[in-house]
Structures are given as structure tokens and as C-alpha cells.
Amino acid sequence: MNQLELIGLVFVIVFFGLMLTLAILSRTRPVRQFREIQAFTRLRHAVGLAVEAGNRLHLSIGRGNLIGPQSAVAFVGLTVLDRIARSTMVSDRPPVVTSGEGAISVLSQDSLRGASRAIGAEFDPLRGRLTGLTPFSYVAGTLPVIYDEDVGANLFIGSFGSELALMNEAGERAGSLTLAGTDNLSGQAVLYATAEEPLIGEETYASGAYLGAGAMHIASLRAQDISRWVIISLILLGALLKLIGVL
Amino acid sequence: MSIADLVGAILGFIFTLLVFSYIIGDNPLFRLAIHIFIGVAAGFATIMAVNNVLVPRLLIPLLDGSRAERILALVPMVLGWLLLTKISPRLSPLGNLPVAFLVGVGAAAAVGGAVTGTLFPQAYASINLFDLQSAGAIDTSLGLKLVNGVIILIGTIATLAYFHFGVSSRAQQPSQVQVWLEGLGQVGQAFIAITLGFIFAGIYSAAMVALIERLYFLVNFVKPLLLPLFPSS
Amino acid sequence: MGEIFCPMCGKSNPAESEVCQFCQARLVPLVFSPAESEPPEAIPEEMPSSIDAAPTGESDWLLGLRSDEPIPSEESLADVEAGGLEDGNLPSDETHISADDVPDWLARLPGESPQEAEAEPLSDWLKEETGETEQPPSKPVEVSDWLSHPLPDEGQVESSESESELAPGEFPSWLEAIRPVKDEPQTVSVRGTPERIESAGPLAGLSGVLPAEPDHVRPRKSPTYPLELRVSANQRIHVDLLQGLIESEGRAQPLPQRRGISSQHVLRWTIACVLWGALIWSVITGKQEAPLPAYTEETAEVNRLISQLPGEARVLLAFDYEPGLSAEMDAAATAVVDHLMLRGAYLTLVSTSPTGPILAERFIMKTQSSHHYTSGVNYVNLGYIPGGAMGLLSFVENPQRTLPYTLDTVAAWESEAHAGLPALQGVQHLNDFELLMVIVDDPDLARAWVEQVQPQLNEPDTLTSLVMVTSAQVEPVMRPYFEANPRQVHGFVFGLRGGAAYAQLTGRGELPRTYWGPYGFGLVVAALLILIGGLVLSSVSLLARSPQIKGEANQ
Amino acid sequence: MKATFYVAIAMAIGLIVLLGYFLHLDLLANLRVVLLEWAVILSAVALLVGTANLFYVHWRKFTTTQPNGFYSAVLIISFVITLGVVGWFGPTHAYSMWIFNNIQVPIEGSLMALLTVLLAFAGVGLFRRKPNLMSIIFIGTAVLILFATGPLFGINLPGISELRAWIAQVPAVAGARGILLGVALGTIATGLRVLMGADRPYGG
């Protein structure tokens with residue numbers, strides 16, 4: 001195991017320990033405040049509207065490969081789906097979920113089924129759909145869902161490329177709120193210009209904590225904050241040592 | 001140009017116009033084109049998955065692989081059948097085992113890929129900016145490299161600091177650190193805007209080339225039909 | 001001298017009097033002797049015959065008891081059923097008090113006889129008490145039950161007076177309105193029979209005393225209460241309104257229909273007309289000839305590396321882009337692959353996306369047809385590596401096990417069983433290739449290639465170089481790999497600009513030269529549109545908002 | 001009890017694959033290769049499940065005569081024809097290439113070409129929607145790079161290419177690096193939550 005791999009293993013173990021410790025501490029200590037992210041504020045409002053005014057929520061969780069680095073943002077999409085499905089499943093228009101990869105569409109159906117069972121609502125298998133098997137056909141298959149199913153708010157949280165612009169623009173044409181977040185840089189550049197409420201970079205991964213998905217989400221967000229400053233310090237220290245020739 | 005090519009070109013011409021009609025608004029012609037497209041793309045992807053994965057990695061080892069290969073191929077075969085039960089809502093719980101397997105591998109790939117594929121290479125690259133000894137070897141002016149290195153370092157740290165989520169509970173009189181963090185976050189926002197603006201221009205360039213290729217195709221398709229009308233040109 | 005209270009008007013009478021001196025009601029029950037009694041009226045059929053037949057062995061005293069209770073006649077039952085209490089048909093004895101029978105002394109008394117009570121309107125204070133509005137004369141005044149009880153003895157006068165001050169309980173009109181019209185049960189109501197007054201024993205004079213011997217229980221249908229309320233027209237409207245409100249809550253409200261043509265549509269069409277019009281003109285006239293861009297360092301490196309390739313070099317070519325971006329990627333890679341084919345390199349095509357292998361075939365057929373490269377001879381297409389970055393890792397570590405067959409399921413690698421294809425002669429691992437070229441449109445995928453291939457390239461005495469032809473959007477993410485020291489990627493061609501620069505270097509490559517003119521013209525028009533459009537739109541919205549801002553400033 | 005069984009499976013499998021990134025033990029490396037191989041096969045089976053879901057959704061839409069059911073029929077027909085031709089003749093056969101070259105590539109290329117109008121429209125409206133410093137820098141950078149990328153009608157503005165190269169090499173790289181480091185932290189946190197069983201997207 002070379003030096004870099006050893007540092008990597010230590011980092012993962014420390015991060016894991018930090019998450020556990022902060023989760024246990026959060027039971028006794030007051031919960032730390034987080035900065036306000038406008039997108040999540042409007043998302044909570046959209047969920048409220050979905051229940052009272054019967055606006056349907058459309059969640060699209062992307063096309064990332066489940067056995068690759070893009071799986072993490074797909075898991076974030078599934079967490080948001082679970083949170084939303086529990087509160088809007090009993091509304092007049094239950095949420096609809098689209099995805100662009102086989103395994104992720106299977107997981108989205110599982111999440112919908114679990115949420116329905118948790119609140120005792122009836123599960124409709126048509127609510128979780130795979131709309132296309134390639135990036136552009138997935139987007140093309142999602143456009144009719146945005147236009148035809150009385151969608152009040154669109155949430156695109158997952159792995160998207162530049163084709164995300166077509167979905168955001170369709171949401172605007174349909175007159176519904178569009179909130180989007182992705183791990184892909186091209187997707188972020190496009191959603192910053194076209195989405196009403198963009199989630200930039202790491203903000204997408206804070207969805208669970210901001211939507212009250214559990215103490216572990218809050219603990220992991222605080223662990224991210226702490227390890228952020230550890231990495232910044234290591235970079236500064238390393239640059240200094242490299243500059244003076246030690247490293 | 002053979003008949004098949006002519007029919008193909010006509011088809012391509014029609015589909016291009018049908019998709020371009022979306023600019024006017026969502027219309028039945030556009031819907032027709034994209035639904036044909038989704039069916040074709042799904043057909044290709046399904047066959048590629050069968051030809052490139054299921055046949056060479058599951059069926060061939062099962063049918064004429066060695067004993068060890070056959071035993072190894074039995075496990076994914078059983079898990080595969082269980083996963084197929086997810087098609088039916090009633091049998092769906094049977095497929096939870098392969099799904100848990102996939103999620104376990106996916107989560108590990110995410111963590112491992114992030115640490116070894118992004119976190120360390122990017123951090124290491126930020127540190128290597130100040131490797132001035134080697135800079136001399138590639139005769140880049142040292143001063144410019146140092147200045148650029150410092151700007152990249154500040155930009156990277158400011159961008160990373162912008163994403164800081166925690167705020168002090170005393171919102172009325174934020175601490176000195178909070179004010180300083182706010183300032184660093186503003187600098188980070190500027191760097192994020194430059195990066196996303198640059199990538200936005202790159203995506204626009206790619207879209208522009210796609211448009212030019214489609215326009216050349218349309219013009220080259222129509223030109224031979226119109227040439228007899230304008231013999232002089 | 002004892003007294004006895006009249007069960008009907010409640011006034012006190014001398015103990016020995018049999019009939020009330022006020023309202024002539026009987027004070028003492030009639031003594032019945034079998035000879036004088038009348039045969040009982042026809043008992044309603046539903047009365048089970050068992051009761052009529054008087055079960056054998058029943059003793060005489062029982063029969064005597066039953067004869068004391070006057071069985072209400074059919075008509076009075078009907079009266080009770082039809083009229084109910086409201087119509088004043090108070091259940092009373094067979095005798096009915098008419099106006100003539102009222103003695104003078106009674107008429108002078110301040111108390112009212114039932115008839116006058118009905119006629120005289122309620123005094124004002126009573127109205128406030130009961131909160132009742134002026135009632136139409138026809139409205140019946142119900143005599144509360146407590147009035148019908150015999151007045152208590154001298155000692156309880158105070159309380160009785162306070163009771164007399166209490167206004168007779170009267171239903172307010174809104175309660176009266178919603179009282180069920182036919183709410184009495186269909187069966188005979190026990191209330192119809194006058195209560196027995198004990199004549200002997202310690203409880204003499206008291207009524208409603210529970211009989212010692214158990215009552216016989218008559219089988220009866222459970223009372224059904226039809227809920228037809230007597231509701232006025234006004235209230236019917238209110239009920240309908242309320243019902244409509246409740247039902248509308250359950251129904252999903254249609255979202256507001258989008259207006260036909262909005263300013264957004266007009267703005268979108270304007271941009272499309274200006275931009276596409278300029279490009280169509282440029283494509284048709286071909287007037288936009290422009291000098292190809294100067295090459296940059298990273299592009300020159302690619303040219304140098306390919307120029308130094310030995311004859312019949314083994315090159316791995318990855319086609320990792322989507323058909324949607326094939327225009328830009330084909331234009332960027334045409335000149336580079338053309339250069340490779342000029343050098344006579346053997347190509348091995350792979351991809352990590354399902355459509356990649358077919359795009360590779362299309363690219364060679366469409367842009368490199370002049371070199372007459374044939375599958376299985378000059379090049380081999382190994383198909384698609386599933387599993388994204390993880391699959392890429394397993395391919396980099398062991399290509400033969402990951403992609404054992406070509407796209408047409410032919411055994412591709414050299415082994416004891418078969419000779420393998422010429423393009424893969426002598427190739428066992430990734431660093432047996434002289435050059436790895438990745439044509440990629442996605443920044444994450446490009447990084448994955450670099451991260452996974454890195455360990456193989458760092459092997460000692462490896463001569464393999466890694467170069468990339470990418471989309472323009474990937475440049476800021478991948479450039480640092482070129483500027484790293486040592487270089488992780490040995491050369492880049494970024495988008496059409498890089499492809500045109502490479503075509504400038506080699507003097508070949510038709511596609512980038514064709515697109516370069518309209519491409520530059522289109523980008524400038526688009527930039528001007530965004531700049532001018534943005535400024536105009538922002539100033540219009542600022543002007544539109546300024547009165548509002550001024551108004552807020554004045555408040 | 002069943003839920004904890006699935007959590008145990010996900011944790012065990014995940015731990016083996018994760019340790020394989022850092023520890024180079026032969027047993028662990030071989031086990032990891034086998035698990036990855038099975039995961040790749042299950043991914044392909046999941047693609048078939050997804051295809052069945054796509055087919056079922058559109059079949060129901062067509063058979064229950066919902067609005068736009070006609071398009072679902074068109075999708076099913078084109079899917080079956082493509083499956084038949086490409087499955088029978090193979091993906092690189094002339095017929096398969098004909099379908100790919102004349103239907104899939106033109107339509108995807110046209111959808112990408114639509115972005116020239118949609119992105120310009122978004123760029124024009126961005127400053128009105130979000131009038132702040134970040135939007136100004138974003139639009140300013142994009143417009144500058146668009147001017148600097150292509151030939152300016154043959155006019156060579158001095159320094160514009162060098163400015164473009166500098167922006168690409170310095171500030172754009174800094175921002176991209178910061179975003180990638182942030183995304184990596186978020187990915188690690190999310191992956192660890194799933195590995196420790198705090199998040200359970202399975203078992204529904």
C-alpha cells in the first residue's frame with residue numbers, strides 16, 4: 001500500500017468516526033445552525049403547495065451509473081424522494097419520479113413503495129418511471145411528463161450533463177418552479193443559467209440535512225465542514241513546504 | 001447515392017425539422033419525433049447490454065466455461081433472476097437482495113473513487129503549483145508561474161470555503177471569524193462564476209457546432225433539389 | 001287536612017276530592033270491576049299473540065293489574081304518531097279540556113290556561129331569556145315536563161317560586177327548525193301511557209315509582225330515526241354551499257392554463273430568427289472564410305507525439321461521447337485520426353458508453369473513408385466497457401478478461417487457442433500500446449480515464465503516452481493535467497478550435513475547415529445577442545420597477 | 001429482521017470493495033474483482049428491468065387510451081423494430097447503422113442544436129432573474145470566451161486569445177478545483193451514510 005493509499009484509508013476512517021461522534025453528540029447538544037439556502041426554502045414551500053393546492057411534484061434523479069462515483073448524487077436524489085413522498089403521497093396529485101438508468105429506476109420504485117407503506121397510502125408502480133436509456137433520450141422522455149401531468153414544481157437532483165437545459169427550459173415554459181442540483185460541472189454551468197433555484201457544487205449533497213432527513217445527515221454535513229478546513233490547511237501547508245523545497 | 005441512403009437522408013431531413021419545430025412550442029410533430037427516438041435509443045442500449053455484458057460474462061461462462069467459472073457465474077445468475085422480480089410489484093420484495101448488493105458496491109465506488117480519483121489528485125495538484133524547481137526545467141517564467149499559482153491557490157480555497165454550511169448561532173452580532181468567512185465566500189463566488197461561465201461558453205460552442213452540422217446537412221440536402229431552378233448560380 | 005295535587009294542572013285539592021276542582025281531572029284512579037269494563041279495542045296486530053292469549057297459569061292478580069292500565073286506543077296512538085307533541089295534542093286522558101269547561105274563578109286567575117298560553121305572545125323579558133324572536137301565533141308552546149309534576153309541599157314554596165320565575169324551556173327558532181319532523185320512533189311510545197300514582201304504602205301519592213314486579217318485555221323493532229330535517233330554503237342554500245366547498249376540497253384543482261403567447265415566447269422566437277437566420281445565410285453563401293486559429297502548446301504536443309510514432313504502431317482509441325455531441329467531437333478528432341491513419345497505425349476501438357462502439361464505426365465510415373480501413377484488419381472494435389469508472393478500472397488492469405471478444409463476438413486477443421487479430425498482435429496490457437487517445441465530451445468521464453490509466457502509465461520504462469480530444473466544455477477541468485509536472489496527459493485538442501488548429505498544422509481535415517467560418521460568425525452573433533439582450537431586458541425591468549421603488553421610498 | 005439483513009449485505013459488500021481501493025492484498029483484490037464483475041452483470045440486468053418499466057408504462061398509456069396514447073404506440077413500435085433489426089443482424093450491420101445514422105444521430109444532434117437558442121435565451125434573462133454580482137461575472141465571462149473562441153470576422157483583437165488562455169489556465173481551474181473538492185466531500189459523506197445503514201434506498 002503506497003503512501004497516498006494509506007492517507008486515503010486514514011482519511012475515510014477519521015471521516016467516519018467524525019460522523020458517528022457528531023451524531024451522538026447532537027442528541028445532547030443543541031443542533032448547530034446552517035446558512036440559509038434559498039432553493040431548499042422554496043422547496044419546502046412547493047411541498048406545502050403540493051399537499052394543499054394539489055400541485056404535483058416531479059422529481060428526476062438523473063442518469064448516473066450506480067456502480068461509479070455518480071452513485072452518490074443518485075442516493076441524494078433518492079433521499080429527497082423519500083422525504084417528499086412521505087408528505088405529498090396523500091395529496092390529490094401524488095409525486096412522479098423519472099430516471100435515466102435501470103438500477104436507479106429500480107431504487108426509485110423501492111423508495112416510493114417504502115414511503116407509501118410508511119404512511120399507509122396505496123403504491124402505484126406507474127409513479128416511478130424510466131423515461132429513456134441514453135442521456136438525450138432520457139431528457140426527451142421526461143419532457144412530456146413536465147408538460148402533461150399538471151406539474152407544479154420540478155426537482156432535478158442527480159447526475160446530468162448539458163442536456164439538463166432542455167428540462168429546465170421545459171419547466172419554465174410549463175410555468176412550474178424548477179430546482180436543480182448535480183455533481184457534473186457541465187450540468188452545473190447549465191443549471192446556473194437556466195434553473196430558477198440552482199444548487200451549486202456541494203449544496204446538492206446537503207439536501208438531506210436541509211429537508212430533515214435525520215441526525216446522521218446533519219452530523220455528516222458538519223463533518224464535511226470540519227474536513228473542508230482540514231483539507232484547506234493541508235493544501236496551504238503543502239504549498240508552503242513545496243515552495244521552500246522541503247516537500 | 002443508393003435508395004437506402006436517399007430514404008435515410010429524407011428521414012434525417014424530416015426528423016431535423018420536426019425537432020427544430022420545438023422552438024415554436026411543444027407540438028405533436030416534435031412529440032412524434034422524440035418518441036421514435038426514445039424507442040430506437042432503448043433498442044440499441046438493450047442490445048448492447050445483452051451483447052456486451054450478459055452474453056460474454058454470464059451465458060458463455062455458464063455454458064462452456066470451466067467448473068470454477070460456472071460456479072462463479074451461478075451467483076450473478078441467481079441474483080439476476082431475483083432482480084428481474086422487480087418488474088412485478090407483487091414479487092418485488094424478492095429483488096431487495098441484489099439491490100442491496102448493487103447499493104453496497106455503488107456506495108463503496110463513490111467513496112473510493114472520490115478519495116483516490118478526486119480528493120487527493122486535486123489537492124496534490126494545488127500543492128504542486130509551487131514546485132518551482134521543475135518549473136525552471138520547462139523554462140516558464142518563474143514569476144508568472146508563482147503569481148498564477150497563488151491565484152489558483154486562493155481561488156481553490158475561497159471556492160471550498162464558500163460551501164461552508166455552519167453559521168454561528170448568534171446571528172445578530174456574527175463573530176469576527178464569521179465576517180472573515182463571509183468575505184472569503186464572496187471571493188469564492190466570483191471564482192465559481194468565472195468557472196461556470198467558461199464551461200457555459202464551452203457548452204454553447206458544442207451546441208453551435210451541432211447546429212452548423214445540421215444546417216449544412218439541410219442545405220446540402222435541399223441544394224440539389226433547388227439547383228435546376230437557379231441554373232446560373 | 002291533607003291535600004292532593006292535580007296531576008294535570010298541578011293545583012292542590014282537598015285529599016278526599018276525586019276530581020280536580022280546577023281542571024276536573026281525576027285525582028283518584030277508577031276502581032275497575034270485570035262486569036263494568038269495556039272489551040279492549042283491537043290490539044295492534046304487531047302485538048304478539050302470546051300476550052293476548054294470557055299465558056296459561058297466569059294468576060288473577062296479574063290480570064287485575066293489567067286491566068288497570070288503560071290501553072290507548074288506536075286513534076290516540078295515531079294522533080300521537082301523526083301530531084306529536086308539537087301540535088298540542090298533549091297526551092292526556094280521554095277527556096279533552098275545551099274552553100267552555102273552564103270555571104270563572106279559573107279564568108280570573110293570573111295563571112293561563114293552555115289555550116290562552118297559546119294565544120298570548122311571550123312577554124318581552126321571556127324573549128330575551130329564551131333569545132327568541134317574535135314567533136308566529138301558530139308556533140306551539142311546549143309545556144315543559146317539569147310543569148306537569150305535582151306542586152311540592154308548603155315547605156318548598158321558595159324553590160317553587162324560583163322555578164315559576166324560570167321561563168318555560170322553549171326551543172329557539174334555529175333549534176326548532178332543525179328538530180326532526182318525524183323523529184318519534186314508529187313504535188308505541190311508552191310515554192303515551194299516564195304515569196301510575198301510588199295509592200298505598202309508604203310511597204303513597206308519588207308517581208313514576210318502579211313497579212316491583214318486572215315489566216313484561218315486548219319485542220320491538222329498534223327505533224329508526226329517519227333524518228329528514230325541516231330546513232328553510234335559505235338554510236338549504238347554505239347547506240349546498242358548504243357541501244360544495246367540502247367536495248371541491250377533495251377534487252384536484254386544474255392548474256392555471258398557460259397563456260397562449262407570452263413575452264417569453266416572443267423573446268425566444270426573436271433570438272432563434274436572428275441567430276439561425278445569420279447562420280443559414282453564412283452556410284448558404286459560404287462567405288465566412290476565416291483564417292484557421294494558431295495552434296497552442298497542448299495541440300502541438302499531440303502532433304509531435306503522433307509524428308514520432310513508429311510504423312504500424314498499436315493505438316487504443318476510446319470513443320466516449322454521446323451522439324448529440326458527435327458534430328463537435330467528429331470535427332475536433334477528424335484531423336487527428338486522419339494523421340494517425342496516415343502513419344499506418346493499428347487502431348483498437350473501445351468505449352464506456354453503449355452508443356460509443358457504433359459512433360466509432362460511423363466516424364471511420366463517414367470521415368476517414370479515404371483511408372479504406374477495414375474492421376478486423378486495420379482496426380478492431382472491442383465494443384462497450386460496462387460499469388462506468390469501475391468497469392474502466394477492470395479494463396485497465398486486465399483488458400483481455402474485460403473485453404474478450406470484438407463487437408461482432410470474434411475472439412480478439414492472442415492466446416494459445418487462436419492467433420488473435422493483427423491490431424492486437426503483441427498486446428497483453430495497456431502499456432503495450434504506443435498511444436492511448438481518448439475522445440470524450442464529459443468532464444467526469446475524462447477525469448475517470450486519467451485517474452484509472454495513471455497507475456499503468458507510471459510503470460517503469462513505459463513509453464505509452466496519453467492524449468485527449470475533448471469538447472470545449474471540458475477544458476478548465478482537464479488543462480491542469482497537462483500543466484502538471486510530470487504531465488499526466490501529454491497533449492490535448494479542445495473542441496473545434498483545437499481541431500481547426502490541428503488541421504492548420506497537418507494541412508488536412510476538411511470538416512473543421514468547413515465549420516470554422518460559420519462557427520466563429522455564430523459565436524459572435526450569439527455573444528452580441530446575450531450582451532445586448534441582457535442589457536435591454538435588465539434596463540426595461542429596472543425602469544418598470546423604479547416607480548415601485550420610488551413609491552416604497554416615499555412611504 | 002429482513003431490513004437489517006439487507007443492511008448487513010450492503011455494508012459487507014461495500015466494505016470489501018472500499019478496502020480494495022486502499023489495501024493491495026491478493027485475497028481482497030480477487031474478491032473485489034469478482035464482486036465488481038457481478039455488479040456489472042447486475043447493472044445490465046437492471047437495465048433490462050428499466051426497459052421493461054419503460055415498455056409497461058407506455059403500454060398502459062396506450063391500452064388505457066389515456067391522452068397522448070398514440071405516441072406511446074409509436075415508441076413501442078420503434079423499440080420493437082430496433083430490437084429486432086439490431087438483435088438479429090448485430091449492431092454494426094448496415095441495417096443497424098442505417099437506423100443509427102438516420103434516426104438517432106440526427107435527432108440527438110438537433111436536440112443539442114436547440115441549446116443554441118435555449119442557452120442564449122437563458123443568458124439574456126439571467127441578469128433580470130438574478131441581478132447580483134455573480135450573474136454579472138458569469139455572463140461577462142461567457143460572452144468574453146465566446147468572442148475569444150471563434151474568428152472575429154478575421155479581426156485579431158490584440159491580447160484576446162492570451163486573455164482566454166489565461167482565464168482557462170488560472171481562475172477557471174481554481175473554481176473547478178474548489179467545486180470538485182467540495183463535490184468529493186459530499187460524495188464521501190453520502191457514500192459513508194449508505195455504508196453505515198443510515199440511508200437505505202433499498203428494501204422498499
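The figures that follow rest on heavy atoms only: side chains count, while hydrogens, waters and symmetry mates do not. A, B, ... follow the sequence lines: proteins, then strands. Residue 1 opens every chain.
Looking at A:Phe11, the atoms closer than 4.5 Å to chain D (heavy atoms on both sides) all sit in the side chain, from C-beta outward. Looking at A:Glu203, neither its backbone nor its side chain comes within 4.5 Å of chain D, counting heavy atoms on both sides. When heavy atoms are compared at a cutoff of 4.5 Å, A:Thr134 approaches chain D solely by way of its side chain, counted from C-beta outward. In this structure, chain A has no heavy atom under 4.5 Å from any part of D:Leu48. Looking at D:Val40, both its backbone and its side chain come within 4.5 Å of chain A, counting heavy atoms on both sides. Heavy atoms closer than 4.5 Å to chain D are found in both the backbone and the side chain of A:Leu107. In this structure, chain D has no heavy atom under 4.5 Å from any part of A:Leu66. Of the two parts of A:Leu81, neither the backbone nor the side chain holds a non-hydrogen atom closer than 4.5 Å to a non-hydrogen atom of chain D. At a 4.5 Å heavy-atom cutoff, the contact between D:Leu180 and chain A is made by side-chain atoms alone. Looking at A:Gln224, both its backbone and its side chain come within 4.5 Å of chain D, counting heavy atoms on both sides. Neither the backbone nor the side chain of A:Ala74 comes within contact range of chain D, judged by heavy atoms closer than 4.5 Å. The contact between D:Tyr21 and chain A is made entirely by backbone atoms, counting heavy-atom distances below 4.5 Å. Using a 4.5 Å cut-off between heavy atoms, A:Ala170 does not touch chain D at all. The parts of A:Thr194 that come within reach of chain D are both its backbone and its side chain, each placing non-hydrogen atoms under 4.5 angstrom from that chain.
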Original post:
Please walk me through it: do A:Leu6 and D:Phe22 pass side chain to side chain contact (heavy atoms under 4.5 Å, CB included)?
Top reply: CA-CA 7 Å; A:Leu6 178 64; D:Phe22 304 110; over 6 Å; no
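Using a distance-only test at 3.5 Å, with no hydrogens or angles considered, a donor-acceptor pair links the side chain of D:Arg129 to the main chain of A:Ala193.
At least one side-chain heavy atom of A:Met216 sits less than 4.5 Å from a side-chain heavy atom of D:Met196. When side chains are defined from C-beta on, D:Met112 counts as touching A:Ser162, because their heavy atoms get closer than 4.5 Å. Considering only heavy atoms from C-beta on, D:Tyr56 stays 4.5 Å or farther from A:Arg129 through its side chain. Considering only heavy atoms from C-beta on, D:Val49 stays 4.5 Å or farther from A:Leu130 through its side chain. Within the 4.5 Å cutoff, the side chain of D:Val183 has heavy atoms near those of the A:Tyr205 side chain. Looking at heavy atoms from C-beta onward, A:Val139 lies out of side-chain contact with D:Leu111 at the 4.5 angstrom threshold. In this structure, A:Asp183 and D:Thr187 have side chains that are not in contact, with every pair of non-hydrogen atoms separated by 4.5 Å or more. Side-chain contact between A:Ile235 and D:Leu181 is present, with at least one heavy-atom pair separated by less than 4.5 Å.
Interface summary for chain D: among A:Ala223, A:Ser105, A:Ala213, A:Gly8, the most heavy-atom pairs under 4.5 angstrom belong to A:Gly8. Ranking D:Leu118, D:Ile179, D:Ile188, D:Leu36 against chain A, the residue ahead of the rest is D:Leu118, based on heavy-atom pairs under 4.5 Å. Of the listed residues (A:Gln188, A:His217, A:Arg228), the one with the most heavy-atom contacts under 4.5 Å to chain D is A:His217. Chosen from A:Ile200, A:Leu112, A:Asp148, A:Ile104, the residue pairing most often with chain D at heavy-atom distances under 4.5 Å is A:Asp148. Listed options A:Leu166, A:Thr79, A:Val76, A:Asp82 were ranked by heavy-atom pairs under 4.5 angstrom with chain D; first place goes to A:Leu166. Each of D:Gly123, D:Ala184, D:Gly182, D:Ala198 has some count of heavy-atom pairs under 4.5 Å with chain A, and the biggest count is that of D:Gly182.
Within the model, atoms CG of D:Leu115 and CD of A:Glu163 stand 8.5 Å from one another, a figure rounded to the nearest 0.5 Å. In this structure, OG1 in A:Thr131 is found 8.0 Å from NE2 in D:His58, a value given to the nearest 0.5 Å. D:Leu54 CG to A:Leu133 CG: the interatomic distance, rounded to the nearest 0.5 Å, is 6.5 Å.
Summarising the local packing, CH2 of A:Trp229 is surrounded by more than 12 heavy atoms from other residues, nucleotides or ligands at distances under 6.0 Å.
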